[in-house]
Visitor: 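So that we are looking at the same thing, I have put the structure below in C-alpha cells.
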Amino acid sequence: MPHLPQAALILVGHGSTLNPDSSQPTYQHAETIRRQEIFGEIACAFWKEEPSLREVLGMVRSRTVFVVPNFISEGYFTQEVIPRELRLTGKTTQIEEQTVHYCDPVGIHPSMTKLLLQRADDLAPGVPRNQCSLIIVGHGTGLNDQSTKAIKDQVAHIQSLNLGFAEVLDAYMEEPPLVADWASLTTAPHVLVVPFFIADGLHSFQDIPVLLGIEAEPTAAASQMAVFRQNPHALQGRSLYYSSAIGTEPMLAEVMVDQVEAFIKSHGLDVAAMPAPPEEASIPEPYEQIGEILIRRTGDGISLLHVEDASSQELLEIFRHPADALEIAKYDAEGAFRPLKSAPTLRRGWIMDLTSEADLRQALDYFYPAALGNWRHPQVTPLRETLQRQTGMYRVTGLLTDDEAQELVETHCCDSKCLRIILWPLNETTPLRLSKAAAGPSAIPLNCIELCNLVVAAARTVVKSRKPSAVPASP
Ligand code: SF4
C-alpha cells in the first residue's frame, strides 16, 4: 500500500444511541491505521452516533478522500444510506473541492474467511474440527436481501474448502434458519458460534446470547462487564462456544487499508497526481473554551480540562493521548452512556496534556465530533429537508407537522439538553421558535448544522404515537 499523506481515510460505522460499544471497533481500527501513518488524515462517522455522515467531510481538509464502510455486507446502509448522506453519486464523486472515492465494505473482503476460521479455531483450542459444528450468525432483515448474502457466501466458501468441521451453517436473529434453533440445526457435540457483526454491541453481545440460552435476559454492555463471557457453556447436552464479533478482530484494520488499495488499483488512480491538502489553520489563541472544556495554552503545550475543574483543588486524573477523549466523553458522572456528545453532561476530574496543535484538533474531534469543521465550514440543512430525505423506518418523519417539529426541537434541543447552537430553520422561510444561548466571544461555538439522528428518531416516535385516524398515508 503506498503512503498517501495527501489523502484522508473516512471509516463509516453504524454506531448506536443505546450501546456504548457499537462504535468502538471502528475507532480502534482508525487508531491502528493512524499509527501506521499511511494517510494524512483519518476520521470516523456513524449513522447513529456523532459525527454524522453529513458532517464528516468537513472534518478533513484533504482534497482526496477514501470512504470505507465498516459494514459486514453490501445492503441497505452501504447502497442507500451512506451514499445518500454523503451525497455520493457513484464510486467517485466530486463534492466541491473534494474527490470522494467510495470503497467496498470490509465484510466482503476475501480475508474475512481467514478471520472467521481463525476465530473458530481460537474458540475451542484442542477440540478436533470433526467434533465441531460451526455457525456463522447474522442479523437477517427484510430491508435488503443483500444483507444475508455476505454470510451465505462465507458459509458456502468454507463448506467448499472441506476443512473438516462436522458442519458449517448460517443462522440469523430475525429470519430462518434462526439462531435460537441452534441445537436442532447442528449435530456435533461442540458448537462454535461466531457472530458476523462489526461490534460487540446490542445484537451480538446482548441479544444473541439470550437467543442461544447463554443468558436469561440481556446483560450490561460488554465494556461494562467485569469479564468477557467464559467458554464453553454446557447447554442442551452440548458444549456451546460463543465468540466476540468478527469486527473486533484487530486484523480488520489491514482489511480497511486493503479496500483502499483495491480501489486505487481497480480504478487506475494516479497517486502521484493527488493534490496536497491546504495547510491546517491552528486554533487562534483567543479561543479558550469549547462546550464544557477549557483550552489552556502553556509554555509546554496545551491542556484541556472541564471548565468546572478550572480552580479545583482536587487531584485531576492526567491523560496524554488525544484518543483518551473517547473514553472520557463516553459516560457521564453517573456512568450513563452519552450518545449526544454535546449534552452538558461531560464528566469532571480529568486533565489532558497535549503537545501539538494536531493532537489538540484530534482530541476536540473526539470530545465534540465535527465541532471544528462545523465552526469553520457550516453547511446548513433546514429541518424539513432533513426529514424529507429519510428512508426505511424513518421515512414516516416526513409527516411531522410544523407545530410538532417546533415542540420537538424545544424539548430535545434546549440548552439543558444540548449545547449546540442551531443554525438551521424549520424550512427556507420559517425560523425556529427555540432560541439558544450564544457562545461567549472566547468560546468556539458548537454549531448544529442539521437535525441530528437522535431527534430524527424522536420525530418518528411522535408520528408513530399519533392516534391511527391522525396518521395520513405514508409519503
Ligand atoms: S438536533 Fe438538537 S439535540 Fe441534536 S445536535 Fe442539534 S441541537 Fe443538539
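Computed from a predicted model, the values in this text were never measured in an experiment. Note that ligands are numbered from 1 as they come in the structure, with each ligand's atoms numbered from 1 the same way. For reference, positions follow the sequence shown, starting with 1.
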Visitor: Are the charged groups of E97 and R61 less than 4.0 angstrom apart, N to O?
Guide: no

Visitor: Out of R87, H377, Q379, R63, which residue meets the side chain to side chain donor-acceptor pair (under 3.5 Å) rule with E96?
Guide: Q379

Visitor: Identify the residue among I264, L9, T64, L269 that makes a side-chain contact (heavy atoms from CB on, under 4.5 Å) with L4.
Guide: I264

Visitor: Under the criterion side-chain contact (heavy atoms from CB on, under 4.5 Å), which of L346, I328, I293, I351 is the partner of H306?
Guide: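 Of all the options given, the one that passes is L346.
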
Visitor: Which protein atoms of type N, O or S are found under 2.8 Å from atom 8 (Fe) of ligand 1?
Guide: C418 SG

Visitor: Would you tell me whether S62 and E41 have side-chain atoms, one donor and one acceptor, within less than 3.5 Å of each other?
Guide: yes

Visitor: Looking at E410 and R433, does any basic side-chain N land under 4.0 Å from a carboxylate oxygen?
Guide: yes

